[in-house]
Structure formats: structure tokens, C-alpha cells
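Below is one structure, written out as C-alpha cells; comments come after it.
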Amino acid sequence: MVIVMRRILAILCCLFAVASCDKHDPILPGTRTPIFDTDRVIIQNKVIEQIPESAHIVDNSDCPYTRDSDNVVWDGTRKIFSGFPTNNTVSAPVHPVCSGKYVYVGLSTGELVKINPKNRQIMWIADIYRASNMTGGASMVDIIAPVVPYGDSVYVGGLADAFCRVNASTGAKKWCVNIGVASPFAIAGDYAFVVGTDSNLYAVSLRDGAVFWRTDVESQTGATYVNGHITVGREVFNASDGKKILDK
């Protein structure tokens with residue numbers, strides 16, 4: 001009887017350990033919470049009725065900070081944040097984004113970090129990946145596309161199948177959509193136009209993360225928005241329904 005009880009206890013301990021691994025980032029400390037309601041993208045097949053007049057522009061030209069390949073953020077020669085290096089990463093330039101007195105930077109370990117560079121205080125760290133990506137689901141979890149502060153939120157996408165709206169004050173995730181992102185995305189009005197790593201262009205509602213439409217693209221270059229048209233490489237699409245207008 002004692003031996004049986006010991007075996008049951010050992011099994012329960014193993015199950016608890018596995019569950020704990022799912023809630024804890026293996027790289028940075030802290031409790032993690034699920035960020036997806038579903039593992040698949042649900043396409044609404046809706047038309048955007050009110051086309052935005054112009055795109056939101058982020059002027060980051062005066063942001064002096066840099067992030068190196070070891071996830072260290074620098075202000076010239078002064079170190080303001082130290083993350084953890086990883087060998088499993090892509091070779092791509094990553095530029096921190098300044099907004100007010102804070103700096104937002106994506107890491108190759110799949111997190112978005114908000115920093116106060118004046119005192120080097122870490123305001124919050126948000127995971128931008130699915131839990132399964134940290135247990136073998138994805139080989140790379142880098143955040144290389146520029147993050148976009150907009151209103152009271154920050155919009156960010158990473159290679160680990162996540163495009164998210166994050167509360168700028170708290171780091172809490174409002175929603176996340178299962179879209180891998182490697183290139184700059186455009187925000188116009190109440191929508192984000194995102195080129196996924198699956199070679200699709202998505203129209204995502206900023207309000208709740210609903211995907212209005214999806215259309216395939218020839219290249220995984222950044223999306224730009226002008227006068228109701230979205231340009232991806234040589235292709236131009238109608239922002240209302242995603243239909244291709246022409247090839248440049």
C-alpha cells in the first residue's frame with residue numbers, strides 16, 4: 001500500500017512540474033499566462049466599411065538606443081538592460097522604439113520589454129509567443145518587426161506565431177492572434193495590416209483582434225498603407241476587402 005501511494009505521489013508531482021513549465025518562461029523569470037483563445041486564425045470575411053484616411057506614423061529617428069545580438073540594450077556605451085543570449089535566432093537588425101520617456105524593445109527570446117532608460121527600470125515584460133512554441137513548437141521566437149506604440153497600447157508581432165495588442169501601462173495583453181510576423185506592419189485607423197510568415201496579408205481589428213480578411217502575397221516584405229491601398233512588395237491591395245488591384 002505504501003509503495004502504491006508513493007507511485008501515485010510521484011506521478012502527481014510530475015504532472016505538476018509539467019504544468020508549471022507551461023506557466024513559466026524558461027529564460028526570464030515570472031509567471032506566464034495563456035494569451036490565445038484558439039490556436040487557429042478565424043477569418044471573419046468582412047469588408048471594412050469605413051476606410052482609414054491615413055496610416056499611423058511612428059517617427060523613431062531620434063531614438064538613440066540599440067539592441068545587440070545578446071539582447072543587451074545600450075544607450076551609447078551605457079547598458080540599460082541585459083537580457084539573455086540565445087544561439088537559436090535570426091540575423092536581423094532590431095531597433096528599440098522610443099515613446100515618451102520609455103523604450104520598447106523586442107528580444108530574440110520572444111519577449112517585449114518596456115524600459116525607463118533614465119534609471120534602467122524594467123517597467124514590464126510581456127510574452128509574445130504561444131506556450132507550445134517554448135516546448136518545441138517553433139524553432140525561433142525572435143521579435144524583429146518594429147513595435148508600434150499607438151494610443152494606450154503597443155502592437156507587436158514575433159516569429160513565434162503571435163501578433164498582440166499590449167497595454168502600454170501594465171504590459172497586460174488585450175488580445176493575441178496566431179500570426180507569425182517578421183516584417184513591419186501598418187496601422188491605419190482601427191486596423192492593422194500585417195504580412196504573416198505564412199505569406200498572407202491580414203486585416204486585423206485593433207478593437208478585439210478579429211481578422212476581417214486574408215489574402216495571399218508574393219513576398220514577405222513590410223506592408224504600407226496610403227489612401228485606402230496596401231502595398232506589399234510589388235502588389236497593391238484594396239484595404240476594404242483585400243482584393244488585389246495591381247502589380248507595380
Side-chain angles (χ1 to χ4, degrees), residues 20-39 41 56 58 60 63 65 67 70-73 80-86 89-90 92 94-117 119-135 137-138 140-182 184-185 187 192 194 196-197 204-209:
S20 298
C21 288
D22 189 52
K23 295 181 180 179
H24 290 270
D25 188 323
I27 299 174
L28 293 177
T31 300
R32 301 321 197 216
T33 56
I35 59 176
F36 288 94
D37 294 329
T38 177
D39 282 343
V41 177
H56 171 63
V58 177
N60 202 47
C63 192
Y65 308 102
R67 197 217 81 183
D70 290 329
N71 286 321
V72 178
V73 182
I80 64 171
F81 173 83
S82 293
F84 292 87
T86 175
T89 184
V90 299
V94 175
H95 302 287
V97 174
C98 295
S99 181
K101 65 178 182 179
Y102 299 107
V103 180
Y104 299 97
V105 59
L107 307 180
S108 64
T109 47
E111 294 91 4
L112 174 66
V113 182
K114 180 181 181 179
I115 309 165
N116 184 338
N119 56 15
R120 297 186 292 185
Q121 180 182 3
I122 300 172
M123 306 307 296
W124 47 254
I125 298 174
D127 300 331
I128 311 299
Y129 52 75
R130 289 185 298 158
S132 61
N133 291 132
M134 302 307 292
T135 57
M140 296 179 183
V141 295
D142 307 53
I143 299 174
I144 56 177
V147 303
V148 179
Y150 184 47
D152 62 356
S153 302
V154 181
Y155 297 87
V156 54
L159 295 182
D161 302 330
F163 177 69
C164 303
R165 176 183 175 182
V166 180
N167 185 293
S169 297
T170 65
K173 287 173 282 293
K174 178 69 174 179
W175 50 255
C176 288
V177 186
N178 185 10
I179 300 173
V181 182
F185 50 89
I187 287 182
V194 185
T197 54
V204 183
S205 168
L206 301 187
R207 184 177 64 85
D208 55 8

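The chain is numbered in sequence order, starting from 1.
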Would you say the side-chain atoms of [X] pair up with the backbone N or O of [Y], donor to acceptor, closer than 3.5 Å?
X      : Y      : value
Asn119 : Gln121 : yes
Asn116 : Met123 : no
Asp142 : Thr89  : no
Asn60  : Pro96  : yes

Mind listing the closest non-hydrogen atom pair of [X] and [Y] along with its distance?
X      : Y      : result
Phe185 : Val148 : CE1-CG2, 3.5 Å
Cys63  : Val97  : SG-C, 4.0 Å
Ser108 : Val141 : O-CG2, 3.5 Å
Leu159 : Ala182 : CD2-CB, 3.5 Å
Val166 : Ala126 : CG1-CB, 4.3 Å
Gly157 : Ile128 : C-CG2, 4.4 Å

Could you give the distance from [atom1] ([X]) to [atom2] ([Y]), rounded to the nearest 0.5 Å?
X      : Y      : atom1 : atom2 : result
Asp127 : Cys164 : CG    : SG    : 9.5 Å
Ile125 : Ile115 : CD1   : CD1   : 8.5 Å
Thr86  : Met140 : OG1   : CE    : 9.0 Å
Phe84  : Asp70  : CZ    : CG    : 12.0 Å
Glu111 : Asn71  : CD    : CG    : 8.0 Å

Sorted by chain and residue number, the ring pair (Phe, Tyr, Trp, His ring centres under 6.0 Å) partners of Tyr155 (sequence neighbours excluded) come out as none
Those residues at least two apart in sequence (or on a different chain) that pass ring pair (Phe, Tyr, Trp, His ring centres under 6.0 Å) with His95 are none
Is there a side-chain contact (heavy atoms from CB on, under 4.5 Å) between Phe81 and Leu107 once you walk through the steps? CA-CA 11 Å; Phe81 173 83; Leu107 307 180; 4.0 Å; yes
Determine whether [X] and [Y] make a side-chain contact, defined as any pair of heavy atoms from C-beta on separated by less than 4.5 Å.
X      : Y      : result
Trp175 : Val204 : yes
Ile143 : Val94  : no
Tyr104 : Leu112 : yes

For Val58 and Ile187, what are the C-alpha separation, side-chain angles and deciding distance, and is it a side-chain contact (heavy atoms from CB on, under 4.5 Å)?
CA-CA 10 Å; Val58 177; Ile187 287 182; over 6 Å; no
**OP:** Kindly indicate, with the supporting measurements, whether the criterion side-chain contact (heavy atoms from CB on, under 4.5 Å) is fulfilled by Ile80 and Tyr65.
**Re:** CA-CA 9 Å; Ile80 64 171; Tyr65 308 102; 3.8 Å; yes
**Worked verdict on Asn167 versus Lys174 for side-chain contact (heavy atoms from CB on, under 4.5 Å)** = CA-CA 7 Å; Asn167 185 293; Lys174 178 69 174 179; over 6 Å; no
So the salt bridge (Lys or Arg N to Asp or Glu O under 4.0 Å) pairs with at least one residue in residues 147-156 (sequence neighbours excluded) are Asp152-Arg165
